[in-house]
Structure formats: C-alpha cells, structure tokens
2 protein chains.
Amino acid sequence: MSNQEQQVGYVVKQAQSLLRLRMEEALHPYALTVSQYSCLHHLLREPGISAAGLARATFMTRQSMNSMLQQLLERELVERPARPASGRALPTALTAAGVDLLAAAQAEVDGVERRMLSGLSPSELISLTHGLNACVKALGD
Amino acid sequence: MSNQEQQVGYVVKQAQSLLRLRMEEALHPYALTVSQYSCLHHLLREPGISAAGLARATFMTRQSMNSMLQQLLERELVERPARPASGRALPTALTAAGVDLLAAAQAEVDGVERRMLSGLSPSELISLTHGLNACVKALGD
DNA sequence: AATACTATGTCAGAATTCTTACATGAGCAA
DNA sequence: TTGCTCATGTAAGAATTCTGACATAGTATT
C-alpha cells in the first residue's frame, strides 16, 4: 500500500465509508437509510426544528431534507403542521411510531459504534475525539 | 448542542463532510470533483490498476467508477487500452495532461489538509491517525 | 475434461442528492 | 412606510451513485 494513502484525509474517508456501510447493514431490517436514521436521531434531540435546520445538522441541502421528510411523513414516522405558526419554518417532530422505530434502530447503531471503538482505550478515545474536533474547528469558516 | 451529537460517529461524519466541502472549493478551478480527484490521485500511485480496483480504493462501486472514467477518458486525463492484454481487467493510467492537472490540484488539496491539521501538535496527529486506523480495523470484515 | 467460483466489465433503471430558481415571511435600517 | 437582507419552503431538472442483472475470462476443484 502506498504511504500517500496514509494521509489523514484518506483515513477519515475510509473510516466514514466503513462506518456508513456497517450502519447500512444494521439499519436494513428497519428499512431505514443512514440519512433517514440521522434525521430521526436529531429530531429526538431537537423536536420542532425546521427542515432547513435539520439539513444543516445532517450535512445535506434543505431540498434533499424536504424530499426525505416527505417519505418519513408518508410512513408516519414524523409530523409537521400544515401551516407555520409564524414565519415560514414548519416545526418537525417524531411521531410515537417514529420514537419507537428510532429506539430499536439506535440499539443496533450503538452496537456498530461500540464495535468501531472496541480497539481503543479510554484515553485513546479522548485523543481521537479531540483530534477530530480540532479538524472540524480548523476547517470551519 | 445536544451532547449525543458528540458521539464519535457524528464527529467523523462532520469532519468528513467539512473536508469534502473544502476540497470541492479547492478543486473547483480545476473542474474536478472530489471523486474525480481521488481517482486521479490513486492512479498516480498505482498505474495500470483496473477500474474495479480503483473503485475499491476510492469507496465507490465499479459501475460508478466506470461511469466516471468515461468522463476522464473524454477529457484525456486518463487512458485505457481498447482490449485487455489478458483477462477482463483494463489497466488504467494517467495521461501526461492528467499528471499535470493532478499536480496542480494536489497542491491545493494539500493546503486544505494542512489547514485541517493546523491545530494539532505532532503527537496529537499521531494519536488521531492511530485512532482512526483502529476504527477502520475494528469495522473491517 | 468438466464444473464451479471469483473477478471484471457493462447495461438499464432507480434512488438519492445537488444546483438553480423563485416565492414568502420576518427583521432591520433609512 | 419603504426597501434591503436573510432564512425557509418549494419546484424542476441535472448529476451522481447505487442496485440488479448478465456476459466473459481466469482460476480452482472435482
């Protein structure tokens, strides 16, 4: 293997790709994509968020998010009011079915994350998180 | 911000998304997508590789890679023989123009990577790489 | 030799996501 | 008030990537 591929950027991409693959496998029984799971996951923690805010939190465009929310609405996993109370933002939240499905799916995804970190000591995990956050900060505008 | 989002998986995704965004910006003047750049980058280090091997190295399907190679062939940045010498694999390599474009683009991308790592000490960088590689290993089959 | 298995390339179509564009509502300043 | 700016939602279309399927070539197995 070429040592150029050991550049940090490549390893970040490799880790993210593999994590996504394992998450896809874990979420398959629940008929959820990783993007859909991320959406539900964030909705549990920030109910009433707008689609645009949700898109920012999950690194998508607001157009893609609205497209995805349509599917989740049809499956009755999320709900939105027909009209905004004020402004244009439509506050989105999980339904009871959405909460239940998320809970089941999250148990699987948590297992994937535990597997990912299984080779790291607590101090190594702290170093990893610290390093990644430093990368995010340095790349932020 | 919810502390659940501080899970390592989320930070990995955040770092990768931001890195991709900065790379897109850096590559825009060269009319290269990040995927195309990754392809050219790997071709420099492993000339004669098959499209399927290239796909594995860049985390895509071989169908997508062949689709992308068509564009790079039309731009005469890469070249492939019309018929395989043996077997089915078509060995792919950079053209002189591909080497030149890659060199210019890589200078920009290297700057992005330096920026990403600018807040890390040498030992922190080693810890980060070590942690990411441990994640990859643990998630591998 | 005959068969099975694996890897590669390719085709067709679907799914996802993005880009571009426009309309609407809120806040702010002149 | 009027105009400007920003954020949100939405629509239409393009671009990218994936899934499923099939044919071919090499290799291994029986």
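Chain letters run A, B, ... following the sequence lines, proteins first, then strands; residues in each count from 1.
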*Donor-acceptor under 3.5 Å (A/Thr92 side chain, A/Ala51 main chain)*: no
_Treating A/Ser50 as the side-chain partner and A/Leu90 as the backbone partner, does any N or O pair qualify as donor plus acceptor under 3.5 Å?_
no
*asked:* Return whichever of B/Ser86 or B/Ser67 has its heavy-atom-nearest nucleotide of DNA chain D closer to the 5' end.
replied: B/Ser67
*asked:* Can you give me the first and the last nucleotide of DNA chain D (5' to 3') that has an atom within less than 4.0 angstrom of a non-hydrogen atom in chain B?
replied: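 Taking any atom under 4.0 Å from a heavy atom of chain B, the span is D/dT16 to D/dG26.
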Is the shortest heavy-atom distance from the side chain of [X] to the side chain of [Y] under 4.5 Å?
X: B/Val34; Y: B/Val109; answer: no
X: B/Ser121; Y: B/Glu124; answer: yes
X: B/Gln36; Y: B/Leu27; answer: no
X: A/Glu108; Y: A/Tyr30; answer: yes
X: B/Leu43; Y: B/Pro47; answer: no

*Position toward the 5' end of DNA chain C (nearest nucleotide), A/Thr61 or A/Pro84*: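 Nearer the 5' end of the strand: A/Thr61.
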_For A/Gln36 and B/Glu24, find the nucleotide of DNA chain C closest to each by heavy atoms; which residue's nucleotide sits nearer the 5' end?_
A/Gln36
*Classify the nucleic acid contact of B/Gln71 as base, sugar-phosphate or nothing, counting any heavy atom under 4.0 Å across all strands shown.*
sugar-phosphate
*Once each nucleotide of nucleotides 5-14 of chain C is scored for protein heavy atoms under 4.0 Å, what B/S/- sequence comes out, 5' to 3'?*
---BBBB---
_Looking only at the side chains, is there a donor atom on one of B/Ser67 and B/Ser64 sitting less than 3.5 Å from an acceptor on the other?_
no
_I'd like to know if the side chain of B/Glu46 pairs up with that of B/His42 as donor and acceptor (distance under 3.5 Å, no hydrogens or angles considered)._
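On atom types as modelled, these side chains qualify, holding a pair under 3.5 Å.
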*Positive for side-chain contact (heavy atoms from CB on, under 4.5 Å) with A/Leu132, one of A/Leu128, A/Val136, A/Thr129*: A/Leu128
*Rounded to the Å, how far apart are A/Met68 CE and C/dT17 C1'?*
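Rounded to the whole Å, the gap is 11 Å.
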_Can you give me the closest heavy-atom contact between A/Met65 and A/Cys39, atom names plus distance?_
SD-SG, 3.9 Å
_If the helix axis at each end comes from five base pairs, how far does the helix from C/dA1-D/dT30 to C/dA30-D/dT1 deviate from straight, to 10°?_
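The angle separating the two end axes equals 30°.
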